[in-house]
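Naming convention: chains lettered A, B, ... in sequence-line order (proteins, then strands); numbering from 1 in each chain.
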Amino acid sequence: MDISMAGERKGVSREDLGHMEETDGDSGPLRFYCTAGRGLEPFLVDEVTCVSGKVFFSTSAPIRAVAGLKSAERLFLLLEERAPPSGDLSSGPARRLIQESVVTQRHRWTHGLRLWRRLRWAPGEPGLETSVAGRGRKRKRQGAERSERDGSRQERDPEREAPWVSDEGRGPARTARPEDGDPGDGRLRPVTFRVCCRSSGAAARGFSPQDLGRLIGSAISKQLCWRVDLRTPDLEVNVHLTDDRWVTGLPLLRLPLAHRSYIRTTGLRSTVAWAMASVAEIKPGSLVLDPMCGVGTVLLEAAKECQNAFFVGMDIDASQLMKASENIHFAELSERIHLVQSSVTAIPLPPRSVDAVVCDVPFGRKFGSRADAAASLPAAVKEMARVLRVDGVLVLLLSPQLSVLLGKALGPRSPAESLGDETGGVPDIEAAGGRVTPPLSSLRPCSSHRVGLGATDAIIHKYRKGPPGAWKDD
Amino acid sequence: MKLLTHNMLTSHVKGVTKGYPLLIKATEVKVSEVEFNPQFVSRMIPKLEWSALVQAAEEVGHLNDLPTELLPDYENNEEFLRKVHRVLLEVEVLEGSLRCPESGREFPISRGIPNMLLNEDEA
């Protein structure tokens, strides 16, 4: 497998390797890009470039392997990519420029189409269904008319050679190529598409979305002889124009990568859950605890990734645990994820018994009022630190406000503390205002990542438990 | 509740110094077939309190021929690992209770999930 990754455990697991061959003979590795949630780009594959919200990479691995990426949102086959041109985009010359830059890497478009067709007719796999806006294998003949929804028109030239020619009522196709034939219904017909275009910055100022869509759509039709169908196209061409980059891609899969076929009821975004688990240093034989597991999203992502580790989920709410139990059975992970009902402020485990604690801390709602959160959060983290073994890792997902709260509770650190006072000397608790409780001060911050959760942000914090000090920690 | 989980659970009733091991009273036990993964079982064994496991297995009536002492060189002993696998992962207490050996407090097990929540005065 050829995907290069930041950190070996991230990304594709061996179980996801498929047996489909994706080489297109002469084309070699295919170029893809994935969209990523805010802050998750570093967790994704890092081949060459990373533009805000996207990560680009090349690989010869089969699609099934690429589809196994866990911190990505959507996967696209890269068709075109360029820096936006400078200057005013609303002018006439700019229109021509845009039309000319729509299809420049023709081989990528034809290879992309071939790949899509091959995927489409592969035996169905959950989550791997190809991006097909229409449904069903029996296709009515697509009319050459385009819906007049946006008032645009399309030039039709019946004499033009199309890649596939429908043979309905017209005898054998002139340019029929058997290997491109559509095995589903035995007829050949032109591939249909529509353009999904998003723009911001200069491109958005210069053109209306409909205008752009028409411009790009007609350029594609002219160059590749694909036909436009706004309602039920075969393919959707995805164009994203920002001031950073102009990117065109082909979504290959019907469902986003972020969708998990093995999770029934979602809680936290799976991509963020996976990212949290990926920094927890879970090894074979690890015992991992989520003391506020909710419906179990973090545990599910972690357990899917680490096959030989054992996971315990705890929550105070029985109805959440029922949903978690359902999720676990649905994902067929019930031998490795076990559930207990308990409060995070009194975890029913002995001290230093757990290798890692991973927890998405509810942002205020479960705690009740903000005042409750302020009181409960340090107590919760103290318990998590207590059950964590020395050198164990604690990964918390906190809102920005709770992050500040926890920072205060952990107290200022003297250099001796941060470096790990091996002699077990007692730090200056008076200097810290007397608020630092021993188990909390055993936590050393390692890293933090700010990530987007839709409308809000959160921060993934990683801590490591230091060696025992001069105080008891239970 | 599987016995692997039980092996770790501790009572934290206020004042209790050793709330372990919790005594099992099972009213409904289920045995299911779980795929045997010897590496996983080998890795779990060092984390176990062996005598507590033996006691728990006996309490739920599935001790069978599980050795009362941990065998040396168990990593390569497939027959032994299979016995451990059965007791750790295939036996499940669906209904019953866990009793703190020190305080006598009972924690119910319902639909396979033990409820370890403490009341305000016990925490």
Taking atom [atom1] of [X] and atom [atom2] of [Y], what is their separation to the nearest 0.5 Å?
| X | Y | atom1 | atom2 | value |
| --- | --- | --- | --- | --- |
| M322(A) | I113(B) | CE | CD1 | 4.0 Å |
| I316(A) | N115(B) | CD1 | CG | 9.5 Å |
| L3(B) | H338(A) | CG | NE2 | 10.0 Å |

Atom group of [X] that falls short of 4.5 Å from chain A, counting heavy atoms:
| X | result |
| --- | --- |
| L118(B) | side chain |
| M44(B) | side chain |
| L89(B) | side chain |

Indicate the atoms forming the closest heavy-atom contact of V340(A) with M116(B), along with that distance.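 Where V340(A) meets M116(B) most closely, the heavy atoms are CG1-CG, 3.6 Å.
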For S342(A) versus L117(B), what's the shortest heavy-atom pair and its separation?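 Here S342(A) and L117(B) meet closest at C-CD2, 3.5 Å.
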Between A318(A), P350(A), S325(A), which has the largest tally of heavy atom pairs under 4.5 Å with chain B?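 The answer is P350(A).
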I need the residue from L339(A), V354(A), I347(A) with the largest number of non-hydrogen atom pairs under 4.5 Å to chain B.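 Among the listed options, the one with the most contacts to chain B is L339(A).
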So what's closer than 4.5 Å to chain B heavy atoms on [X]: side chain, backbone, both or neither?
| X | value |
| --- | --- |
| A309(A) | backbone |
| S334(A) | backbone |
| S343(A) | both |
| L287(A) | both |

What residue, out of M1(B), H12(B), K2(B), Q39(B), has the most heavy-atom pairs lying under 4.5 Å from chain A?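 If we count pairs closer than 4.5 Å to chain A, H12(B) comes out on top.
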Heavy-atom pairs under 4.5 Å with chain A are the metric here; pick the option from L88(B), T5(B), V34(B), I109(B) that has the most.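 Highest number of pairs under 4.5 Å: T5(B).
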Taking C-beta and beyond as the side chain, do E335(A) and N37(B) meet within less than 4.5 Å on heavy atoms?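 No, every pair of side-chain atoms sits at 4.5 Å or beyond.
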So does R389(A) have more than 12 non-hydrogen atoms from other groups sitting under 6.0 Å from CZ?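 It does: R389(A) CZ has more than 12 such atoms within range.
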Side chain to side chain contact (heavy atoms under 4.5 Å, CB included) for F40(B) and R336(A)? Distances and angles first, verdict last. CA-CA 10 Å; F40(B) 180 70; R336(A) 287 192 298 121; 4.1 Å; yes
